[in-house]
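Notes follow the structure.
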Amino acid sequence: MAKQDLSSERLRDIVTDIAEEMAAETERGKVADYIPPLARIDPNQFALSVITRDGETISAGDAQTRFSIQSVSKVFTLALGLGRLGDRLWSRVGREPSGDPFNSIVQLEYEKGLPRNPFINAGAIVVTDSILGSFVPKEALGEILRFVRFLASDDDIAIDPDVARSELATGFQNAALANFMRSFGTITSPPEQTLGVYFHHCAIAMTTEQLAASARFLAFDGCLSPGGPRAISARMARQINTLMLTCGHYDGSGEFAFRVGLPGKSGVGGGIMAVVPGQAAISCWSPGLNAVGNSHLASRALERLALRTGWSVFAPR
Ligand code: DON
């Protein structure tokens with residue numbers, strides 16, 4: 001895409017307007033309640049942060065409040081897993097949209113334990129297992145957290161132990177997925193170890209400003225800024241963006257691509273990370289979810305942001 005011709009004043013106005021419009025919305029979706037600590041989150045929260053190619057951060061709303069990034073963490077583990085295994089990772093996980101809910105087990109049976117893509121829970125558990133490899137779980141988790149802090153250029157990012165513990169105690173469907181895949185040899189570590197690492201990386205807590213910062217490497221061809229420190233290869237960054245566009249919102253991926261037109265990844269904590277290749281890294285958060293488990297207001301806000309800025313991977317400015 002060409003260099004953006006959107007002034008930072010105009011972008012600031014757009015972001016502020018969207019936050020005000022979202023504050024006035026009465027339909028806010030429903031917070032995830034299958035992970036008990038998430039059920040207690042106030043749904044009347046909203047934040048939007050954009051980091052431009054010049055490194056400017058523009059935010060509105062509750063952009064200093066930390067939230068559970070949940071499935072957005074699957075982007076970071078995919079980047080780490082791809083960096084470690086390269087294309088060998090694709091023998092263990094596919095690259096097709098599933099058209100099913102994020103925790104579905106049905107395809108796994110008739111596709112012999114091979115998950116459709118790295119963003120449904122089964123696929124993300126496989127990616128986590130590939131990172132675990134020969135590490136003990138604590139080391140693998142340390143590796144993931146170090147990588148996320150590097151991506152965000154921020155050491156003040158941590159795992160919420162209550163959320164991790166709660167998912168360990170209630171994640172029966174994920175345990176079913178992991179055990180099922182272990183029986184096919186798709187995962188190789190003891191399922192309880194792989195799940196322990198998976199639940200903990202899903203429990204990373206961040207603000208929208210931190211999450212937008214950690215998405216910069218996908219906006220800038222694998223680097224933290226244009227020409228800046230490299231996190232992954234440009235090829236891998238493009239591959240991850242493609243998967244975010246096609247699979248980042250589960251069975252709402254087509255709708256998100258249609259309405260927003262940008263690669264994005266959602267989590268049941270209500271966060272969405274999105275990328276404007278060459279232009280900006282974005283994060284939006286509002287805890288209430290729509291029927292397919294994506295943030296209701298964050299999806300709407302990103303649709304308005306794309307419309308007003310003209311940002312789209314299908315229409316270079
Ligand atoms: O495995 C789970 O169910 C959660 N840790 C993550 C799910 C999630 O965020 C799906 N997102 N929309």
Side-chain angles (χ1 to χ4, degrees), residues 29-39 41 43 66-78 93 97-105 108 115-129 141 144 148 159-181 187 191-192 194-206 211 243-244 246-257 260 263-274 283-299 302:
K30 191 174 168 302
V31 296
D33 54 8
Y34 77 100
I35 303 172
L38 299 187
I41 306 287
R66 286 168 205 260
F67 61 92
S68 191
I69 68 166
Q70 291 297 320
S71 284
V72 183
S73 65
K74 295 171 181 174
V75 175
F76 308 132
T77 47
L78 175 61
V93 60
S98 71
D100 278 325
F102 61 87
N103 53 2
S104 173
I105 199 167
L108 262 189
R116 274 284 171 108
N117 67 65
F119 294 149
I120 51 171
N121 285 5
I125 290 169
V126 170
V127 173
T128 301
D129 188 71
L141 209 49
I144 294 168
V148 174
I159 291 165
D160 182 331
D162 280 350
V163 174
R165 244 192 321 268
S166 154
E167 242 198 304
L168 270 167
T170 59
F172 303 114
Q173 291 189 350
N174 285 319
L177 293 170
N179 282 288
F180 196 64
M181 290 191 291
I187 68 170
E192 62 281 7
T194 304
L195 285 170
V197 177
Y198 169 77
F199 290 140
H200 278 81
H201 73 64
C202 287
I204 292 173
M206 287 198 209
L211 191 57
L243 291 170
M244 291 207 297
T246 54
C247 312
H249 287 74
Y250 315 106
D251 46 344
S253 297
E255 188 69 9
F256 187 84
V260 182
K265 181 75 202 80
S266 75
V268 293
I272 298 181
M273 181 171 101
S283 165
C284 195
W285 168 62
S286 184
L289 307 180
N290 63 21
V292 287
N294 301 314
S295 171
H296 175 70
L297 286 188
S299 308
L302 290 173

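Order of listing sets the numbers, starting from 1, for every ligand and every atom in it. Just the heavy atoms: all of them, side chains too, but no hydrogens, waters or symmetry mates, feed the values below.
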Original post:
Would you call C202 and E167 a side-chain contact if the rule is heavy atoms closer than 4.5 Å?
Top reply: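 When only atoms from C-beta onward are counted, E167 and C202 do touch, with a gap below 4.5 Å.
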Original post:
Would you call V292 and H249 a side-chain contact if the rule is heavy atoms closer than 4.5 Å?
Top reply: no
**OP:** Answer with side chain, backbone, both or neither: which part of Q173 has a heavy atom less than 4.0 angstrom from an atom of ligand 1?
**Re:** neither
Original post:
Taking heavy atoms and a distance under 4.0 Å, where does V268 meet ligand 1: side chain, backbone, both or neither?
Top reply: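 Within the 4.0 Å criterion, V268 contacts ligand 1 through backbone and side-chain atoms alike.
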Original post:
How close do L177 and I105 get, heavy atom to heavy atom, and via which atoms?
Top reply: CD2-CG1, 3.6 Å
Subject >> From I204, I69, V127, residue fulfilling side-chain contact (heavy atoms from CB on, under 4.5 Å) relative to F76 >> reply: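 Exactly one pass, corresponding to I69.
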Original post:
Does one side chain, of Y198 or D129, offer a donor that lies under 3.5 Å from an acceptor on the other?
Top reply: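 No.
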Subject >> atom 4 (C) of ligand 1: nearest protein contact (heavy atom, Å) >> reply: Q70 OE1, 3.0 Å
**OP:** Just say parallel, tilted or perpendicular for the rings of F102 and Y34, cut-offs at 30° and 60°.
**Re:** tilted
Could you list the atoms of ligand 1 found under 4.0 angstrom from a heavy atom of [X]?
X	answer
Y250	10 (C), 11 (N), 12 (N)
G267	9 (O), 11 (N), 12 (N)
C202	5 (N)
E167	1 (O), 2 (C), 3 (O), 4 (C), 5 (N)

Subject >> Rounded distance [0.5 Å steps], CG in D33 versus CD1 in I41 >> reply: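 The distance works out to 12.5 Å.
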Subject >> Residue Q173 excluded, over 12 heavy atoms near CD under 6.0 Å >> reply: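 Atom CD in Q173 is not packed in, count stays at 12 or less.
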Subject >> Check: Y34 N/O within less than 3.5 Å of ligand 1 N/O >> reply: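 There is such a contact, yes.
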**OP:** Could you tell me if any non-hydrogen atom of N174 lies under 4.0 Å from any atom of ligand 1?
**Re:** yes
**OP:** May I ask whether Y198 has any heavy atom positioned less than 4.0 angstrom from an atom of ligand 1?
**Re:** yes
Subject >> The one among S68, G293, S71 that brings a heavy atom closest to atom 7 (C) of ligand 1 >> reply: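 Among S68, G293, S71, the closest heavy atom to atom 7 (C) of ligand 1 belongs to S71.
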